Amino acid sequence: MNDKSKIKVMVALSGGVDSAVALHLLKEEGYDVSAGFMRNWDSLANSDILGNPTLGDPACPQEVDYDDALAVANKLGVKLYRVDFVKEYWDNVFTYFLKEYENGRTPNPDIFCNKYIKFDAFLKWARSLGFDYIAMGHYAKKVVINGLTYLGEARDTDKDQTYFLSQLSNKQLQQTLFPLGDLTKGEVRKIADSLKLDVARKSDSTGICFIGERHFRDFLKNYIPMQEGPIVDLTTNEVIGRHQGVFYYTIGQRRGLGIGGIKGRDDNPRWYVAKKDVSTNTLYVASDEESIYLQSTKITFTDLNFLTKEISDGQEIEVRFRYRQKKVKATFYKTSETTGKLLFPTPYLSVTPGQAVVFYDKGLCLGGAIINDIYFKEEKRN
RNA sequence: UGGGGCAUAGCCAAGCGGUAAGGCAACGGACUUUGACUCCGUCAUUCCCUAGUUCGAUCCUAGGUGCCCCAG
């Protein structure tokens, strides 16, 4: 434990700045470090055609990332492994992702990617090669208090990525290192700069992890066929437009509805998706972001997961319904080992079934769950 | 084929003789390891067509064309 040179760490190297700096920091600390590059998505084999902006590129983006990762590994004098989890990703993440969309919900694939790929398949693979820990370039902290391991929010609160780690087990957490927890993004880039890493100024990756930025509706059309149907104003019950398939839209969404001005109305409001009915293929919209149709005061959840300690019934905690959202207050209740509910002191907007709700208290991420039903004063809204 | 009304960008819609507001949508960008939200930018040399009046017409006149309403 004191002699870090005897501790073998496998750093997940993505080809971006964050994991490169994480690798460097661990090496500086004296760990016995190697790097692993994961490839989890094969655009051609996975029919990722429509909505894919990089299809025509001379070099596919993953190979560019691999080259970047290799350059980093070489510069830092570390061995780079390459490992392929395309099948595992499809079976454990993407299948779930599609099923959720087909049920009219909005999944968060990256949370499952962490749970099943980065912190499971990759972890097991590294362990099988004799590594003691894996390390990630996430902005998150591992905190040990009284012998218990907790997940702490990153010092860079703007980049904090604990939201995506909310479904991890304590064991997964214990076997992971997060070297960037006390650094800001700016500091990370400065370090990369001082090391003269080519990726120092590389822009942050966005879109689904390992897949990338996509025109989302077109992307889904590769897997879920179009099915036209009506768009109904939830306030008046009038049909005011047509959609291409309720699956393609998410609660709170404005763009993509194609609803222009309506004759006879003296306003031209923005319309937001308020409700999806898969059985009738109807998309319900509300005309104002403040509309009560977008608000909720209670939710139920499934997939309850605690990272370290359980939250007690009736406890007031802070929660997030989406990445980088300002934390808001809620009261926690458990209804079974894996389900429960949250009550809100004031209505919150566009809480979406299928998305993750993540629990926080005093700078620690306590765990999370998957949003199931949303209510406004006991009235079911989804 | 009697009367009345209206025709402005994909949609809604100002302008009513002086050289085309605004909103919605769409698209592009910023933000962003989900989906979203948000923010910024772009978007009618032209006002249904034709002829005329005028220094000048989307705005006036005439004739077309197309819708709508009332009366049949």
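Since the model is a prediction, treat every value here as computed from it, not as a measurement. Letters go in sequence order (proteins before strands), and every chain restarts at 1.
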Provide, to the nearest angstrom, the distance between the [atom1] atom belonging to [X] and the [atom2] atom belonging to [N].
| X | N | atom1 | atom2 | answer |
| --- | --- | --- | --- | --- |
| A/Ile251 | B/A36 | CD1 | P | 13 Å |
| A/Arg214 | B/A36 | CZ | C1' | 18 Å |
| A/Phe94 | B/G35 | CZ | P | 12 Å |
| A/Gln355 | B/U33 | CD | C1' | 13 Å |
| A/Leu220 | B/G35 | CG | P | 10 Å |
| A/Gln161 | B/U32 | CD | P | 11 Å |
| A/Leu257 | B/C37 | CG | C1' | 13 Å |
| A/Leu13 | B/U33 | CG | P | 18 Å |

Per-nucleotide protein contact along nucleotides 7-15 of chain B, 5' to 3', at a 4.0 Å heavy-atom cut-off (B base, S sugar-phosphate only, - neither), is ---BBBS--
With [X], which residues qualify under salt bridge (Lys or Arg N to Asp or Glu O under 4.0 Å), at least two apart?
| X | answer |
| --- | --- |
| A/Asp120 | A/Lys124 |
| A/Glu29 | A/Lys4 |
| A/Arg322 | none |

Over all strands shown, is [X] touching base, sugar-phosphate only, or nothing at heavy-atom distances under 4.0 angstrom?
| X | value |
| --- | --- |
| A/Phe164 | base |
| A/Asp18 | nothing |
| A/Phe112 | nothing |
| A/Lys159 | sugar-phosphate |
| A/Gly137 | nothing |
| A/Thr352 | base |
| A/Gly207 | sugar-phosphate |
| A/Gln325 | nothing |

Please measure how far the [atom1] atom in [N] lies from the corresponding atom in [M], and state the result in whole Å.
| N | M | atom1 | answer |
| --- | --- | --- | --- |
| B/A7 | B/A13 | P | 10 Å |
| B/C37 | B/A44 | P | 25 Å |
| B/G23 | B/A14 | P | 15 Å |
| B/U65 | B/U19 | C1' | 28 Å |
| B/U1 | B/U46 | P | 38 Å |
| B/G29 | B/U61 | C1' | 49 Å |
| B/G72 | B/C60 | C1' | 34 Å |
| B/G28 | B/G18 | P | 39 Å |

Nearest heavy atom decides the nucleotide; on that basis, is A/Pro269 or A/Tyr248 closer to the 5' end of RNA chain B?
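By nearest-heavy-atom nucleotide position, the 5'-most residue is A/Pro269.
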RNA chain B: 5'-proximal contact among A/Gln253 and A/Asn114 (nearest heavy atom):
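Result of the comparison: A/Asn114.
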Candidate list A/Phe210, A/Phe94, A/Phe97, test ring pair (Phe, Tyr, Trp, His ring centres under 6.0 Å), partner A/Trp41, passing option
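Among A/Phe210, A/Phe94, A/Phe97, the one that satisfies the ring pair (Phe, Tyr, Trp, His ring centres under 6.0 Å) with A/Trp41 is A/Phe94.
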Tabulate below the donor-acceptor pairs under 3.5 Å that side-chain atoms of residues 75-85 of chain A make, not counting sequence neighbours, or state none.
from, atom 1, to, atom 2, distance (Å)
A/Lys75, NZ, A/Lys196, O, 3.0
A/Arg82, NH1, A/Glu63, OE1, 3.3
A/Arg82, NH2, A/Glu63, OE2, 3.0
A/Asp84, OD1, A/Val86, N, 3.0
A/Asp84, OD2, A/Arg39, NH1, 2.8

Nearest listed nucleotide, side chain of A/Tyr163, among B/U33, B/U34, B/A36:
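Nearest to the side-chain atoms of A/Tyr163, counting from C-beta on, is B/U34.
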To the side chain of A/Cys209, which of B/C37, B/U33, B/U34 is closest?
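Of the options given, the side chain of A/Cys209 lies nearest B/U33.
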Protein N or O to nucleotides 39-41 of chain B N or O, pairs below 3.5 Å:
from, atom 1, to, atom 2, distance (Å)
B/C39, OP2, A/Arg270, NH1, 3.4

Salt bridge (charged side-chain N to carboxylate O under 4.0 Å, His left out) partners of residues 336-358 of chain A, not counting sequence neighbours, each pair once
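Those involving residues 336-358 of chain A are A/Lys334-A/Glu337.
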I need the full list of salt bridge (charged side-chain N to carboxylate O under 4.0 Å, His left out) pairs touching residues 163-174 of chain A, with sequence neighbours left out, sorted by first then second residue.
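Matches after skipping sequence neighbours: none remain.
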OP1 or OP2 of B/U38 versus the side-chain N and O atoms of A/Tyr272: is any pair under 4.0 Å?
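Checking B/U38 against A/Tyr272, a side-chain N or O does come within under 4.0 Å of OP1 or OP2.
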Within 45° of the axis and under 6.0 Å from the centre of the six-membered ring of A/Tyr375, does NZ or CZ of A/Lys380 qualify?
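The answer is no, since A/Lys380 fails at least one limit relative to A/Tyr375.
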Enumerate the ring-ring contact (aromatic ring centres under 6.0 Å, His included) contacts for residues 139-168 of chain A, please, sequence neighbours excluded, ordered by first and then second residue.
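Pairs touching residues 139-168 of chain A that pass the test: A/Phe164-A/Tyr323.
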Distance flag, aromatic centroids of A/Tyr101 and A/Phe247, threshold under 6.0 Å:
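Between A/Tyr101 and A/Phe247, which both carry aromatic rings, the centre distance is not below 6.0 Å.
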Pull up the glycosidic torsion of B/C37 and say syn or anti, syn being anything within 90° of 0.
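Here the answer is syn: the torsion falls within 90° of 0.
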In dot-bracket, 5' to 3', how would RNA chain B read with Watson-Crick or G-U wobble pairs under 3.5 Å, [ ] for crossing ones and | for pairs to another strand?
.(((((((.[[[..)..(...]]].(((((.......))))).....[[[[[..)....]]]]]))))))..
Validation: residues 226-234 of chain A side-chain donor-acceptor distances under 3.5 Å, sequence neighbours left out:
from, atom 1, to, atom 2, distance (Å)
A/Asp233, OD1, A/Thr235, N, 2.9
A/Asp233, OD1, A/Thr235, OG1, 3.2
A/Asp233, OD2, A/Thr236, OG1, 3.2

Counting C-beta onward and ignoring hydrogens, is there a side-chain heavy-atom pair between A/Leu220 and A/Asn222 closer than 4.5 Å?
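The answer is no, as the side chains (C-beta and beyond) never meet within the 4.5 Å cut-off.
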Of all residues at least two apart in sequence or in a different chain, which pass the side-chain hydrogen bond (donor to acceptor under 3.5 Å, both in side chains) check with A/Asn305?
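If we apply the side-chain hydrogen bond (donor to acceptor under 3.5 Å, both in side chains) test to A/Asn305, skipping adjacent residues, there are no hits.
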Cluster overlap A/Leu343 with A/Phe376, hydrophobic side-chain contacts below 4.5 Å:
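Hydrophobic grouping puts A/Leu343 apart from A/Phe376.
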